[in-house]
Number of protein chains: 2
Amino acid sequence: MRHHSLPSTAKRIGILALPYVQLLDIAGPMDVFTEANTQAKRILYELHVISTSSAPLHSSSGLIFHPTTTISSPLDVPFDTLLIAGAPHLNPKHLSPDLLKWVGQHAPRCRRFGSICTGALVLAAAGLLTQRRVTTHWAVAEQLSQQFPSIQVEADSLFICDGPVCTAAGVTAGLDLAIALVDHDFGRDLARKVSNQLVMFFRRPGGQLQFSHRGIANPMGRSILRTVQRRVLSKPHLPSDTRALAELAGLSPRHFARLFHKEIGLSPALWVERVRMDTACRTLEEGLPPKQVAAMVGFKDVDTFRRAFQRQFKTTPAEYRRRHAAQPPTETD
Amino acid sequence: MRHHSLPSTAKRIGILALPYVQLLDIAGPMDVFTEANTQAKRILYELHVISTSSAPLHSSSGLIFHPTTTISSPLDVPFDTLLIAGAPHLNPKHLSPDLLKWVGQHAPRCRRFGSICTGALVLAAAGLLTQRRVTTHWAVAEQLSQQFPSIQVEADSLFICDGPVCTAAGVTAGLDLAIALVDHDFGRDLARKVSNQLVMFFRRPGGQLQFSHRGIANPMGRSILRTVQRRVLSKPHLPSDTRALAELAGLSPRHFARLFHKEIGLSPALWVERVRMDTACRTLEEGLPPKQVAAMVGFKDVDTFRRAFQRQFKTTPAEYRRRHAAQPPTETD
DNA sequence: TACTCTATCATCGTATAACGATGATTTAGG
DNA sequence: CCTAAATCATCGTTATACGATGATAGAGTA
């Protein structure tokens with residue numbers, strides 16, 4: 001495991017920062033790679049923050065910092081890894097051609113490249129994500145998927161490495177990705193030391209969607225459909241299969257399902273399931289036990305509920321409650 | 001977008017950054033408070049990064065940034081909250097008198113003040129932590145406790161708010177603390193929105209010590225004691241009560257215990273327990289089930305093992321394994 | 001070495017969770 | 001209306017978590 005790499009073999013990490021970048025998207029990976037150097041007692045990674053100009057750059061939280069280099073500077077040595085940091089209000093349509101050209105040229109030459117949070121929009125605009133399995137911040141996952149249909153967006157992962165393309169979900173998932181890269185490059189022991197030093201989990205439970213709460217809370221579509229939706233939203237424990245809902249709407253099941261899908265974009269069953277899971281989340285956050293919650297959202301037994309919950313959030317109801325609920329008795333503040 | 005609350009009602013947050021500050025200690029809280037502004041659609045917090053001089057500041061990971069203000073600048077309005085960011089190699093004995101004076105003057109005038117990571121050393125040096133319950137990075141907790149015996153250091157918490165004093169454990173615990181402050185200031189709903197947006201847990205499981213792995217792995221003291229220690233380290237499942245160990249050393253139990261405590265600083269039982277727990281951690285990280293691990297480190301049943309583990313790490317073995325173990329079958333990279 | 005208060009150990013019993021397997025239903029789409 | 005695929009409702013098994021309790025070992029004092 002111990003290759004005595006010469007200093008010149010240090011891996012060059014480039015982090016591209018756009019205006020009003022999310023500071024954590026830069027700080028997370030930088031501190032992880034830096035800590036890897038510290039723990040290994042030698043320079044494994046060499047960090048560079050890249051900007052479009054050499055001027056000081058504003059982060060979204062107001063901190064002003066200096067990039068190490070710019071996209072106009074000639075590159076003596078190529079990067080080993082290029083990461084695009086996200087920015088909260090990044091609009092892929094307003095990216096400069098120069099920037100996209102630079103990304104399109106340099107990223108593919110790296111051993112691997114990727115993004116954190118909304119940085120994936122930049123890679124997508126540069127055409128580097130086609131046919132790749134990719135993730136991004138849950139709030140822009142749908143946008144990414146719609147604007148670039150050829151990308152396989154998997155919004156529920158914290159990070160995904162598909163070949164050389166490594167994308168992280170929202171903000172703090174950049175830390176998880178960086179740890180995974182260290183793990184891949186230099187082994188589990190070092191990665192674990194780094195995560196321990198930074199007081200973060202080596203492996204976080206569940207996917208990203210447990211943080212999203214997609215608000216399907218707003219009934220939409222024709223008035224008759226909205227009536228039906230309101231019924232489900234207010235009484236999620238009542239039977240809400242296609243047949244029952246169709247009856248409520250006074251339509252034939254087949255016709256109702258067709259109409260529903262046309263207007264809402266989801267099949268009735270799927271929509272109902274999501275509403276139920278969202279309700280379940282909120283109730284679990286109140287601290288109620290999974291068993292009770294299962295009944296409240298229309299499942300006859302906890303087990304089926306747990307499986308449905310796991311399908312959506314990649315974590316179990318009990319686990320979710322532990323992480324998101326208000327204080328269970330003993331808290332240290 | 002009705003951010004027309006008077007600017008004066010926004011809470012002013014000051015973050016003090018020393019040279020070679022850990023960037024995450026600044027970025028974490030800043031991004032949390034900024035996201036709170038975004039979610040609330042008005043300016044709840046006003047952020048300031050304070051340095052000893054107006055010169056650009058280096059973070060430990062190499063990023064160079066501009067402080068908003070300096071300790072020499074006159075303060076028109078006092079801070080609502082003052083946080084001291086940590087730095088990896090911070091030495092409290094090398095802090096300038098000017099800095100300590102500034103901290104000692106301004107911190108107590110804030111509604112609350114605190115630190116992240118090793119920043120606690122600065123507050124301690126300024127004499128602001130006496131008789132307070134406080135936490136800091138696990139790696140410096142003992143140092144803090146020894147240099148400032150009047151401080152109640154609780155190394156196992158992720159953060160502690162004792163009256164106006166809010167201290168966070170290592171690095172990423174600054175995020176948890178900031179979320180708790182938002183929760184306290186503006187309620188759970190907003191805090192939850194912020195943590196969800198940043199893709200972080202509202203409440204992380206367990207304490208900080210699960211990340212520490214205090215290396216008691218090195219036998220110390222007299223040669224006879226080292227022999228005994230090596231036996232325990234290599235065969236932690238064998239009976240290692242005081243009597244058995246004393247016999248091994250060829251001493252009377254009482255004398256052995258006295259000697260052990262004098263040389264090592266811990267009672268034999270406590271030392272054995274720690275060794276066993278450390279071994280347990282490593283074995284759990286390999287992915288072995290708690291039941292098996294319990295037997296390997298000398299517990300007759302899983303239950304007793306679990307309780308001992310919980311005493312140390314505030315989390316259960318099963319939970320620990322889930323967070324720290326190498327891949328359980330399905331992984332997304 | 002003996003004594004003693006305290007903490008931990010080893011159990012038992014119980015409740016909850018997790019998970020595989022299996023027919024009966026339901027769904028989505030033609 | 002019909003069909004392939006997915007989901008639901010169970011059952012059985014195993015692992016965890018936790019309270020309660022008598023037995024035992026710990027650490028300091030005489």
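Quick caveat, the model's predicted, so the values are computed rather than measured. Below, each value reflects all heavy atoms present in this structure, side chains not excepted, and no hydrogens, waters or symmetry copies.
Using a 4.0 Å heavy-atom distance criterion, B:Pro289 is classed as making no nucleic acid contact. At a threshold of 4.0 angstrom between heavy atoms, the contacts of B:Gln292 with the nucleic acid are absent.
Counted by atom type alone, A:His324 and A:Gln210 present one or more donor-acceptor pairs between their side chains at under 3.5 Å. The closest side-chain donor-acceptor pair between B:Arg133 and B:Thr167, if any, does not fall under 3.5 angstrom.
The distance from atom CZ of A:Phe299 to atom P of C:dA18 is 15 Å, rounded to the nearest whole Å. Distance, A:Arg323 CZ to C:dA17 C1': 14 Å, rounded to whole Å. Distance CD (B:Glu319) to P (C:dA18): 11 Å, rounded to an integer number of Å. Atom P of nucleotide D:dT16 and atom CZ of A:Arg322 are separated by 12 Å, given to the nearest angstrom. Separating the CG atom of A:Asp301 from the P atom of D:dC11 is a distance of 9 Å, rounded to the nearest angstrom. With rounding to whole Å, A:Phe305 atom CZ is found 16 Å from D:dT7 atom C1'. The separation between B:Trp271 atom CH2 and D:dG26 atom P is 15 Å, rounded to whole Å. Regarding B:Lys291, its NZ atom lies at a distance of 8 Å from the C1' atom of D:dA15, rounded to whole Å.
Nearest to the side chain of A:Lys300, among C:dA17, C:dA10, D:dA9, sits D:dA9. Closest contact between the side chain of A:Pro317 and the listed nucleotides C:dA18, C:dT11, D:dT10 involves C:dA18.
Note on B:Arg306: every side-chain N or O is 4.0 Å or more away from OP1 and OP2 of C:dT11. Contact between the side-chain N/O atoms of B:Arg321 and the OP1/OP2 oxygens of D:dT16 is found at a separation under 4.0 Å. Listed pair B:Thr316 / D:dA17 meets the phosphate criterion, a side-chain N or O lying under 4.0 Å from OP1 or OP2. In this structure, B:Gln310 reaches the D:dC18 phosphate: one of its side-chain N or O atoms is under 4.0 Å from OP1 or OP2.
Minimum interatomic distance between A:Arg276 and A:Pro236 (heavy atoms only, all atoms of both residues): NE-O, 2.9 Å.
Atom CG of A:Leu175 is separated from atom CG of A:Leu198 by 7.0 Å, given to the nearest 0.5 angstrom.
With DNA chain D read from its 5' end, the first of the two nearest nucleotides for A:Thr304 and B:Val302 is the one closest to A:Thr304. For the pair B:His255 and B:Arg311, both in contact range of DNA chain C, the more 5′-proximal nearest nucleotide belongs to B:His255.
Ion pairing between a basic and an acidic side chain is recognised when a charged N comes within 4.0 Å of a carboxylate O; B:Arg307 and B:Asp303 show such pairing. A salt bridge between B:Arg321 and B:Glu285 is absent, with no side-chain N of the basic residue lying under 4.0 Å from a carboxylate O of the acidic one. Salt-bridge formation is detected for the pair B:Glu319/A:Arg322: a Lys NZ or Arg NE/NH1/NH2 atom is positioned less than 4.0 Å from an Asp or Glu carboxylate oxygen.
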Classify every nucleotide of nucleotides 21-30 of chain C by which part a protein heavy atom approaches to under 4.0 Å, writing B for the base, S for the sugar-phosphate alone and - for neither, in 5'-to-3' order.
-> B-----SSBB
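In this structure, the helix from C:dT1-D:dA30 to C:dG30-D:dC1 shows an angle of 40° between the axis at its start and the axis at its end, each fitted on 5 base pairs and rounded to 10°.
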Output, in order, the C-alpha distance, side-chain angles, deciding distance and verdict of side chain to side chain contact (heavy atoms under 4.5 Å, CB included) for A:Leu266 and A:Arg274.
-> CA-CA 10 Å; A:Leu266 296 171; A:Arg274 289 207 182 172; 4.2 Å; yes
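Tested against B:Leu129, the residues B:Asp162, B:Val165, B:Val153, B:Thr136 include a single side-chain contact (heavy atoms from CB on, under 4.5 Å) partner, B:Val165.
Applying the 3.5 Å distance criterion, the base of D:dC18 shares a donor-acceptor pair with the side chain of B:Asp303.
Counting heavy atoms from C-beta on, the side chains of A:Phe148 and A:Thr130 never come closer than 4.5 Å.
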